[in-house]
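Since the structure comes first, as structure tokens, the remarks are kept for the end.
Letters A, B, ... mirror the listed sequences (proteins, then strands); counts begin at 1.
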Protein chains: 2
Amino acid sequence: MPVQLNDCPVEVVFAILSGRWKIPIYRYLYKTNEPARYSALLRHLPAISKKILTEQLRELEHDGIIERNLYPDARPRVEYRLTSYGLSMIEFLDKMSEWGEKYIQSNNSHFQK
Amino acid sequence: MPVQLNDCPVEVVFAILSGRWKIPIYRYLYKTNEPARYSALLRHLPAISKKILTEQLRELEHDGIIERNLYPDARPRVEYRLTSYGLSMIEFLDKMSEWGEKYIQSNNSHFQK
DNA sequence: CGGCATCCAAAGTGATACTG
DNA sequence: CAGTATCACTTTGGATGCCG
């Protein structure tokens, strides 16, 4: 059998966060620091489609990173926010960000393609 | 235009490490702490094919994470090792690993799917 | 030994239109 | 407003075989 994904905690984390829009969604929720409506996310991520936004939100919710709250009304209102679990990711995300910045700064700009 | 990938250092890091076998390759090189031959990697990652192994190694090399050294001989010998750049990723990888372990421990085992 | 070429399957992403 | 449904496309991973 191949290497079990779940053998490696690092791969578990990658599995949770891999998806074209998961980091952008996380960043938005983190920096606004308040529940965001579906439509606000849609507006903030100009290139995303509703189908994909819904998918990515469902997956993040499934993995316990965000929470979905429906406020039924004439016009339904849905808000998403980071759970405490989601918030706690900031520890390694900050470290990653630091590393990434150094990487970009250095003339190792291979990643440009 | 969509969010530029390169606007976000975290996404840059994800781009570098995303690939089915990159973390396993990294882990192997890190824990053995010595140059590994192509054939050793192939043996250690039971489910990988030669084509894919070569691809992932090339990408890691391109991004400055590993180094490839050819020792020409009757039988060619090729060794791969982490660069200092690659080694320095351990800082955030350790943090990710800690987080991932807690995540797995907690009854939030949603990620099992 | 350490690859590359070919072909194929699966996953991920997206455009568009429709709905309670 | 906050979604589904459908279909198309692109990217990634993999099986297999050949080569210097």
Rounded interatomic separation in angstrom, taking [atom1] from [X] and [atom2] from [N]:
X: Ile48(A); N: dT13(C); atom1: CD1; atom2: P; result: 9 Å
X: Ile52(A); N: dT6(D); atom1: CD1; atom2: P; result: 16 Å
X: Phe14(B); N: dT12(D); atom1: CZ; atom2: P; result: 16 Å
X: Glu55(A); N: dA2(D); atom1: CD; atom2: P; result: 18 Å
X: Lys51(B); N: dC7(C); atom1: NZ; atom2: C1'; result: 9 Å
X: Leu53(A); N: dG3(D); atom1: CG; atom2: C1'; result: 10 Å
X: Leu70(A); N: dG3(D); atom1: CG; atom2: P; result: 8 Å

- Message: At less than 4.0 Å, is any side-chain N or O atom of Gln56(B) found next to OP1 or OP2 of dT12(D)? Yes or no.
- Response: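 No, Gln56(B) has no side-chain N/O under 4.0 Å of OP1/OP2 on dT12(D).
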
Query raised in the report: Distance check: side-chain N/O of Trp21(B) vs OP1/OP2 of dG14(D), anything under 4.0 Å?
Result: yes

* Please work out which of the three classes, parallel, tilted or perpendicular, describes the rings of Tyr85(A) and Tyr103(B), given edges at 30° and 60°. => perpendicular

Would [X] and [Y] pass as an ion pair if we require N to O under 4.0 Å?
X: Lys51(B); Y: Glu55(B); result: yes
X: Glu11(B); Y: Arg20(A); result: yes
X: Arg68(A); Y: Glu61(A); result: no

Starting at CE of Met96(A), measure out to CH2 of Trp99(A) and round the result to the nearest 0.5 Å.
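Answer rounded to 0.5 Å: 9.0 Å.
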
*Minimum heavy-atom distance between Ile66(B) and Leu29(B), given as atom pair plus value*: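 Looking at all heavy atoms of both residues, the shortest contact is CG2-CD1, 3.7 Å.
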
For nucleotides 1-3 of chain C, list the nitrogen or oxygen atoms of the protein found under 3.5 Å from its nitrogen or oxygen atoms, one pair per line.
{"residue": "dC1(C)", "atom": "O3'", "partner": "Arg37(B)", "partner atom": "NH2", "Å": "3.3"}
{"residue": "dC1(C)", "atom": "O3'", "partner": "Pro76(B)", "partner atom": "O", "Å": "3.3"}
{"residue": "dG2(C)", "atom": "OP1", "partner": "Arg37(B)", "partner atom": "NE", "Å": "3.3"}
{"residue": "dG2(C)", "atom": "OP1", "partner": "Arg37(B)", "partner atom": "NH2", "Å": "3.3"}
{"residue": "dG2(C)", "atom": "OP1", "partner": "Val78(B)", "partner atom": "N", "Å": "3.1"}
{"residue": "dG2(C)", "atom": "OP2", "partner": "Ser39(B)", "partner atom": "N", "Å": "3.0"}
{"residue": "dG2(C)", "atom": "OP2", "partner": "Ser39(B)", "partner atom": "OG", "Å": "2.8"}
{"residue": "dG2(C)", "atom": "O6", "partner": "Lys50(B)", "partner atom": "NZ", "Å": "3.3"}
{"residue": "dG3(C)", "atom": "OP1", "partner": "Arg58(B)", "partner atom": "NH2", "Å": "3.0"}
{"residue": "dG3(C)", "atom": "OP1", "partner": "Arg68(B)", "partner atom": "NH2", "Å": "2.7"}
{"residue": "dG3(C)", "atom": "OP2", "partner": "Tyr80(B)", "partner atom": "OH", "Å": "2.7"}
{"residue": "dG3(C)", "atom": "N7", "partner": "Lys50(B)", "partner atom": "NZ", "Å": "3.4"}
{"residue": "dG3(C)", "atom": "O6", "partner": "Lys50(B)", "partner atom": "NZ", "Å": "2.9"}

